[in-house]
Student: 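Dumping the structure here so I can ask a few things about it.
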Amino acid sequence: MGAAQKIEERYRVTGMDCAGCAAKIDRAVRRIEGVEDVSVSVTAGTLVVQRRPDAAIEGPVSSSVRALGYGITAAPRSGAAVPAAPVEDHDHAHDHEDYGHAAHDHSGHDHASHDHAGHDHAGHDDGRGESALAGMHGHDDAEDGELAWWQTPKARLTLLAALALAVAFLVTRFAPGLGHWPYALAMLVGLVPIARRALAGARYGTPFSIETLMTIAAVGAVCIGASEEAAMVVFLFLIGEMLEGAAARRARASIRSLATLLPKTALLEQGGGLVEVGAETLVVGAVIQVRPGDRIAADGIVLAGTGSVDEAPVTGESVPKKKTIGDDVFAGTINQDAVLRVKVTAAATDNTIARVIRLVEEAQEAKAPTERFIDRFARFYTPGVLVVGALVAILPPLLLGASWDEWIYKGLAILLIGCPCALVISTPAAIAAGLANGARRGLLMKGGAVLEGLAGIDRVAFDKTGTLTLGMPVVSDIVPAGFDEREVLRLAAALETGSSHPLARAILARAAADGVAVPDAEALAALAGKGVEGTVEGRRLFLGAPGAVSLPEALGARAHALSGEGKSIAVLTVDGVPAGLLAMRDGPRPDAKAGLAALRKMGIEPLMLTGDNRRAADAVGAELGLDVRAELLPADKQGIIKELQQSGHRVAKVGDGINDAPALAAADIGIAMGGGTDVALETADAAILNDRVGDVAELVRLARRTLRNIHQNVAIALGLKAVFLVTTILGITGLWPAILADTGATVLVTLNALTLLGFGRRT
């Protein structure tokens with residue numbers, strides 16, 4: 001059946017916290033009649049189902065998901081035809097504004113202050129009244145952000161299991177005659193919910209889930225008197241589940257927090273006056289006014305007014321852009337200086353920020369869920385252990401007349417040998433050691449799947465502004481004409497005192513660094529689209545864009561050459577006569593070149609994806625020897641990532657802004673850099689806190705070392721089990737050696753994992 005004949009339905013699912021959750025839901029929903037395809041995103045908390053037009057699936061989907069212990073509600077945009085209509089991108093020219101910040105404010109007030117939009121999440125049904133696992137399944141039913149981590153069902157269950165374990169310890173100390181049964185009872189506190197989830201999974205297509213593995217291991221251990229070990233393994237398993245749930249809930253909340261970039265209200269022109277209305281009520285064709293310092297409430301076209309707009313939240317542009325009649329403006333960007341009349345061109349559900357949110361969620365839905373190693377292995381390991389244990393216990397007595405007691409004893413020993421204790425503990429031990437090592441060095445990774453992904457990447461796509469560069473312009477050149485350099489800087493700084501514009505701050509910072517005493521300026525005035533003028537020491541000064549001043553041929557040629565290098569140019573005139581030029585640029589980080597060289601040495605090729613203008617991007621790219629793609633919107637960055645992936649590359653994306661969120665989510669591994677926004681940090685799989693480009697190579701190196709350690713641990717754990725499996729069948733070893741096989745493996749692989757703590761930075 002063709003794609004055009006499928007209908008897409010979207011659902012919000014609460015309680016998912018790992019790839020295993022997604023796999024269970026995927027398998028259960030695929031079994032429903034009429035379902036053509038299924039996509040589950042743990043991070044976005046979504047389920048997308050493609051169905052035949054004649055199939056009614058909402059009821060069966062909801063009941064199946066709830067039966068597994070998750071909450072589910074229908075999400076917006078359900079019933080959309082597949083393939084979905086492409087998101088329309090603005091045809092937006094990223095012309096670099098040399099110094100058109102004329103209307104920047106000298107009042108010193110904070111332009112960025114704005115009213116964050118309240119984000120009212122859709123309600124949900126947690127399925128507590130309908131699920132057979134209600135209240136005991138251990139999944140977090142509450143909507144993201146409603147509960148602290150310690151208030152969630154997972155946390156409560158883990159704390160209850162810990163309390164039961166402590167009580168069992170005390171009881172066995174004061175009443176040793178009770179044997180191992182206090183631990184068996186303590187184990188049931190955590191095991192009963194796990195077993196019920198295992199049964200539900202088996203009913204809906206996942207008979208050998210990690211819950212099944214844990215249930216069999218724990219029950220087998222109790223059967224041979226190892227209740228203490230069984231209780232501890234169940235407790236450790238619950239801790240891991242609780243931490244995964246907390247991370248998943250936080251990530252989902254961060255995606256939705258994108259909506260806070262939009263203001264709650266807008267000033268709508270209506271009936272000859274201005275009316276304050278909810279931003280979400282704006283319709284296409286409406287006309288709004290945007291005051292200086294306000295965030296723009298909708299995508300639109302400027303009808304009147306000329307001024308600068310900070311587009312960093314959407315395009316990553318490092319310098320505010322001049323906007324005049326006919327120019328596009330984006331929702332969520334900040335109007336810096338002049339009142340703008342804007343005609344709305346997109347409804348709230350389809351503005352720039354809404355599309356960014358949608359791109360992030362769709363990118364995460366498109367990712368195939370990374371299954372945890374033990375869950376993958378359990379598909380074969382668990383049934384294999386069961387079969388071998390049963391055969392060992394039954395066949396010799398039946399076929400050879402051997403002693404039932406002897407061979408049941410051996411069968412139980414094999415179940416204990418097959419207990420995943422070493423695997424359950426040792427693999428997370430390696431991951432935890434690797435993560436701890438990274439955390440001490442400002443390298444954060446979100447779990448084992450990220451480690452595996454980082455170890456395999458062969459392309460790294462960098463954002464420019466704030467990632468490869470410092471994220472702020474600095475004065476790179478001063479070209480005097482009739483004055484010396486210090487005098488040009490001194491007079492320019494006088495005009496910029498009190499301004500919050502990035503280029504103004506660059507001039508003031510250079511003056512401070514050079515020890516230049518800045519005089520007072522009088523009669524300061526901003527000239528829209530041109531620059532700023534004022535009187536200093538009795539002389540009339542102007543500082544602004546080269547286009548606003550007639551320059552001598554030599555000085556004009558120099559200004560053109562500097563602009564061609566991607567630098568922003570300011571011209572200073574004194575009493576109408578050109579006195580000099582100041583050139584500013586956002587330069588590379590000091591370690592950028594060495595950091596990129598380290599990546600290439602590891603067989604990883606870097607490239608640059610940026611929303612900044614082409615001249616500035618090419619200048620930085622040429623200095624660093626990078627392939628450059630410039631003037632990109634969020635959807636463009638995401639598209640390039642997908643093209644690289646389709647060519648067979650495993651791609652990491654490094655960025656620090658909201659505009660990077662879709663690309664961070666689409667990449668195999670998203671890496672947030674240093675001072676990145678909360679959204680970039682939460683959307684990304686890893687984060688670098690030290691603002692060093694070289695840390696990207698360190699992150700990959702640590703991931704590769706940790707992955708090797710995990711492989712060694714798995715080999716040790718399974719190798720010892722194989723040895724004791726043979727010796728048990730031969731009658732050489734029994735229950736206690738079998739216990740030592742598992743415990744010994746745990747000790748060995750834990751010690752091996754601890755070696756990662758000493759893995760350090762290369763000099």
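Only a predicted model underlies this, so the values are computations on that prediction, with no experimental measurement involved.
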Student: Check whether any side-chain N or O of Thr281 sits under 3.5 Å from a backbone N or O of Gly278 as a donor-acceptor pair, and report yes or no.
Tutor: yes
Student: I'd like to know if the side chain of Arg12 and the backbone of Ala74 have a donor-acceptor N/O pair within less than 3.5 Å.
Tutor: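 No.
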Student: Could you please spell out the steps behind the side chain to side chain contact (heavy atoms under 4.5 Å, CB included) verdict for Glu9 and Ile57?
Tutor: CA-CA 9 Å; Glu9 293 186 353; Ile57 66 168; 3.6 Å; yes
Student: Could you tell me if the side chain of Thr46 sits less than 4.5 Å from the side chain of Arg10, heavy atoms only?
Tutor: yes
Student: Closest approach of Ala297 and Leu282, non-hydrogen atoms and distance?
Tutor: CB-CD1, 4.1 Å
Student: So Leu47 and Ile72, do their side chains get closer than 4.5 Å, heavy atoms only?
Tutor: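 Yes - at least one pair of side-chain heavy atoms lies under 4.5 Å apart.
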Student: Rounded to the nearest 0.5 Å, how far apart are CD1 of Ile641 and CG of Asp636?
Tutor: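 Reported value, rounded in 0.5 Å steps: 12.0 Å.
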Student: Answer yes or no: is there a donor N or O on one side and an acceptor on the other, between the side chain of Asp299 and the main chain of Ala346, under 3.5 Å?
Tutor: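 Flag not set: sc Asp299 to bb Ala346 has no pair under 3.5 Å.
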Student: What I'd like to find out is whether the side chain of Lys154 reaches to under 4.5 Å of the side chain of Leu238, using heavy atoms alone.
Tutor: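 When only atoms from C-beta onward are counted, Leu238 and Lys154 do not touch, as no gap falls below 4.5 Å.
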Student: Quick check for you: to the nearest 0.5 Å, what is the distance between Arg650 atom CZ and Ile457 atom CD1?
Tutor: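 Here the interatomic distance stands at 9.0 Å.
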Student: Who passes salt bridge (charged side-chain N to carboxylate O under 4.0 Å, His left out) against Arg203, sequence neighbours left out?
Tutor: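 Residues passing salt bridge (charged side-chain N to carboxylate O under 4.0 Å, His left out) with Arg203: none at all.
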Student: Dump the intermediate steps for side chain to side chain contact (heavy atoms under 4.5 Å, CB included) on Asn709 and Asn713, then the final yes or no.
Tutor: CA-CA 6 Å; Asn709 191 283; Asn713 288 350; 3.2 Å; yes
Student: Hey, does the side chain of Arg51 reach the backbone of Pro53 with a donor-acceptor pair shorter than 3.5 angstrom?
Tutor: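 Side chain of Arg51 to backbone of Pro53, a donor-acceptor pair under 3.5 Å: yes, one is there.
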Student: If you compare all heavy atoms of Pro634 against all heavy atoms of Pro662, which two are closest, and at what distance to 0.1 Å?
Tutor: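 So the two residues come closest at CB-CG, 4.0 Å.
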Student: Rounded to the nearest 0.5 Å, how far apart are CD1 of Ile32 and OH of Tyr204?
Tutor: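 With rounding to 0.5 Å, CD1 (Ile32) is 9.0 Å from OH (Tyr204).
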Student: Given Val13, which partner from the list Ile25, Thr73, Leu68 fulfils the side-chain contact (heavy atoms from CB on, under 4.5 Å) test?
Tutor: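 The residue from Ile25, Thr73, Leu68 that satisfies side-chain contact (heavy atoms from CB on, under 4.5 Å) with Val13 turns out to be Ile25.
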Student: Taking the side chain as C-beta and beyond, is there a heavy-atom pair between Arg52 and Glu33 under 4.5 Å?
Tutor: yes
Student: Does Arg30 use its side chain to pair, donor to acceptor, with the backbone of Val38 at less than 3.5 Å?
Tutor: yes
Student: Is it true that a side-chain atom of Asp668 and a backbone atom of Val651 form a donor plus acceptor pair closer than 3.5 Å?
Tutor: yes
Student: What is the minimum heavy-atom distance between Gly453 and Ile669, and which atoms define it?
Tutor: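 Nearest heavy atoms, Gly453 then Ile669: C-CG1, 3.7 Å.
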Student: Can you give me the closest heavy-atom contact between Ala168 and Ala186, atom names plus distance?
Tutor: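 So the two residues come closest at CB-CB, 3.9 Å.
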Student: Please say whether more than 12 non-hydrogen atoms of neighbouring residues, nucleotides or ligands are located less than 6.0 Å from CD in Glu58.
Tutor: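 No, not enclosed.
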Student: Testing the basics here: between Ala703 and Ala455, what is the closest heavy-atom pair and its distance to 0.1 Å?
Tutor: CB-N, 4.0 Å
Student: Side chains of Leu391 and Val388: closer than 4.5 Å at any heavy-atom pair?
Tutor: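 In short, these two side chains do not touch, never coming nearer than 4.5 Å.
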Student: How many angstroms lie between OG in Ser62 and OH in Tyr70, if you round to the nearest 0.5 Å?
Tutor: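 Atom-to-atom, Ser62:OG and Tyr70:OH are 15.5 Å apart.
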Student: Pick one: which of Asp37, Ile7, Val29 meets side-chain contact (heavy atoms from CB on, under 4.5 Å) with Val49?
Tutor: Val29
Student: What I'd like to find out is whether the side chain of Leu707 reaches to under 4.5 Å of the side chain of Leu454, using heavy atoms alone.
Tutor: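 Counting from C-beta outward, Leu707 and Leu454 never come under 4.5 Å.
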Student: Could you grab the distance from atom CD1 of Ile671 to atom CD1 of Ile688, nearest 0.5 Å is fine?
Tutor: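 The distance works out to 5.5 Å.
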Student: From Gln50 CD over to Glu8 CD, what is the distance, rounded to the nearest 0.5 angstrom?
Tutor: 6.0 Å
Student: Report yes or no: does Ser64 contribute a side-chain atom to a donor-acceptor pair with the main-chain N or O of Val61 at less than 3.5 Å?
Tutor: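 Flag not set: sc Ser64 to bb Val61 has no pair under 3.5 Å.
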Student: Can Tyr183 and Leu165 be said to form a side chain to side chain contact (heavy atoms under 4.5 Å, CB included), step by step?
Tutor: CA-CA 7 Å; Tyr183 282 108; Leu165 199 59; 4.0 Å; yes
Student: Looking at every heavy atom in both Ala55 and Gly34, which two are closest together, and how far apart are they?
Tutor: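 Taking every non-hydrogen atom into account, CB-CA, 3.7 Å.
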